[in-house]
Q: 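Structure below; questions to follow.
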Protein chains: 2
Amino acid sequence: MSTLELGLPMPVPAPGLPARVRIHEVGARDGLQNEKATVPTEVKAEFIRRLADAGLTTVEATSFVHPKWVPQLADAEQLFPLVADLPVALPVLVPNERGLDRALALGATRVAVFASATESFAKANLNRTVDEALAMFEPVVARAKAEGAEQVRGYLSMCFGDPWEGPVPASQVVHVCRALLDMGCDELSLGDTIGVATPGQVSALLTALGAAGVPTEALAVHFHDTYGQALANTLAALQYGVTTVDASAGGLGGCPYAKSATGNLATEDLVWMLHGLGIETGVDLGRLVATSEWMAGRLGRPSPSRTVRALSHKE
Amino acid sequence: MSTLELGLPMPVPAPGLPARVRIHEVGARDGLQNEKATVPTEVKAEFIRRLADAGLTTVEATSFVHPKWVPQLADAEQLFPLVADLPVALPVLVPNERGLDRALALGATRVAVFASATESFAKANLNRTVDEALAMFEPVVARAKAEGAEQVRGYLSMCFGDPWEGPVPASQVVHVCRALLDMGCDELSLGDTIGVATPGQVSALLTALGAAGVPTEALAVHFHDTYGQALANTLAALQYGVTTVDASAGGLGGCPYAKSATGNLATEDLVWMLHGLGIETGVDLGRLVATSEWMAGRLGRPSPSRTVRALSHKE
């Protein structure tokens, strides 16, 4: 039976690409956080468990943000212990010291802070300037490291375009990256929050970061499919040498500021491309698709992932 | 006002890509041919007219196939004269000599034949072997050239994967390309009919064709978004030097053999990437989106194009 009959792409490596990519799965946190109807804690736990079973090695679990801001993730204290035994990395978002306290108390060993590359989004999302937000994260990162956190990730939103400011100069992204690295972040996730970037802009930003001394190994990319550009942008990032890619199972989630149904790059579409390129991920695509179909059933609407739709129609 | 506020990407060129790409718009033919409900001839004519007004310079108009096989395009004789005055190239599909006669009688100056890279699809689509189909096209291409056709295009379907045969060896595609060039075709459109290709396979096939003496200037790529790979594959083709890309306004159409709602690469998603890369197309994205929204209204369902959805939600 051919790989196509099995629902798998045909591996044809391209020169110069990494042999292995680590997928940072964000479906359970970024994917669910804007869902209006409350997803039961047990469903979230099963989602995370299934994602781990499908071979994902990094599954962002939840956010210890104040429940007032993200009601959907108000059950972080209840959820985390249900999945803490899984043999995968389970990073959690911590917006401030209070969130960090809550995460550390539950034994979280990987945390993430959420910075902005633009003043407009820092103001809208955090009610602070970019530098005020960085100052707020400094003690969070320092304490996380002091308490033995294995990894501290810094998210940067609006790295390419901003709905209020338009195109974002690379220098702003470099400034925030440097600040996050200097305070102790191990990994930086470059977000195209409104999905407007194209591959030349991705290459240009990565080149500017490299020139500013930001190590490529510390970088992850986080693309949105609002304009259908996420995979082409990912290819540009892989060609530059990036080996960590954020994605959301089934394409769950999106940006509340982009008025489109589509948002995060679907993990399945990413895996199809990576496996097609002969790049290892450790993911079992069939299990992952089954997980997203199951979650789509729980949420009551079909997955926007092209690959999920193509493979689920085969059954 | 920034480009983002105007609904346009930010141009950041990438080194080594072409300065200009010709989009071969297939929405009116490939996009509509599998629509079940009959689209009125005047609506098709207005669609083509609007596509030309949006700046597309090559708009495939219809097919002179026997109405029994493609009932939706049975009005080719009525449609073609309604658009023949447009100042754009209007290629038409001609399956055989009878179809060519009909097209030439109406003054068509660009025609296309539809070959297969695999025996299974040649059998399913044409009830012939690959070489029998090529033999059938030989007099069609010869007569078209003799009658002064400006361009004869050869479509090749199943160039990457085939639902019956699995991965398609590049040697088969090379064989059909050579045969089509030798009989006089000016342009070859490499189709990923079931949308399974990934960028490494695209580069590998283009490299194999180059090694076999097929000139890159004669090549077009025709990707499907069944697994979300079309734009990443297009980027790989642009990086190789291909400058003609097939796409369908609004993402209309698809392959009846792939059981997915998604099919052709949406012209709008392609234009977003190309303009983002600083590549000229001559297309006015706003007008094109408006055209696809109008056509979606006529067909009674939303466009699957991410860019159409993102921009139309802004209104």
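Worth knowing before you read on, the calculation uses all heavy atoms, side chains too, and leaves out hydrogens, waters and symmetry mates. Each chain gets a letter, A, B and so on, in the order its sequence line appears, and its residues count up from 1.
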Q: In a table with atom names and distances, give each donor-acceptor pair under 3.5 Å that connects a side chain of residues 194-203 of chain A to protein atoms at least two apart or in another chain.
A:
{"residue": "A:T198", "atom": "OG1", "partner": "B:G276", "partner atom": "O", "Å": "3.3"}
{"residue": "A:Q201", "atom": "NE2", "partner": "A:F160", "partner atom": "O", "Å": "3.0"}
{"residue": "A:S203", "atom": "OG", "partner": "A:P199", "partner atom": "O", "Å": "3.1"}

Q: Under a 4.5 Å heavy-atom cutoff, which of A:G228, A:S305, A:A14 has the most pairs with chain B?
A: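 Going by pairs under 4.5 Å, I would pick A:G228.
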
Q: Can you say whether A:E268 sits under 4.5 Å from chain B via the side chain, the backbone, both, or neither, judging by heavy atoms?
A: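 No part of it gets close to chain B.
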
Q: Let me check something: any side-chain donor-acceptor pairs from residues 282-291 of chain B under 3.5 Å, sequence neighbours excluded? List them with distances.
A:
{"residue": "B:D284", "atom": "OD1", "partner": "B:G286", "partner atom": "N", "Å": "3.1"}
{"residue": "B:D284", "atom": "OD1", "partner": "B:R287", "partner atom": "N", "Å": "3.0"}
{"residue": "B:R287", "atom": "NH1", "partner": "B:D53", "partner atom": "O", "Å": "2.9"}
{"residue": "B:T291", "atom": "OG1", "partner": "B:R287", "partner atom": "O", "Å": "2.9"}

Q: Measure from the side-chain N and O atoms of A:Q172 to the backbone N and O of A:C159, and report whether any donor-acceptor pair falls under 3.5 Å.
A: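 No; zero donor-acceptor contacts below 3.5 Å.
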
Q: Given heavy-atom pairs under 4.5 angstrom as the criterion, report whether the side chain, backbone, both or neither of B:L235 touches chain A.
A: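 For B:L235, the contact with chain A is made by the side chain alone.
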
Q: Step by step, work out the side chain to side chain contact (heavy atoms under 4.5 Å, CB included) result for B:S157 and B:N125.
A: CA-CA 10 Å; B:S157 52; B:N125 198 44; 5.6 Å; no

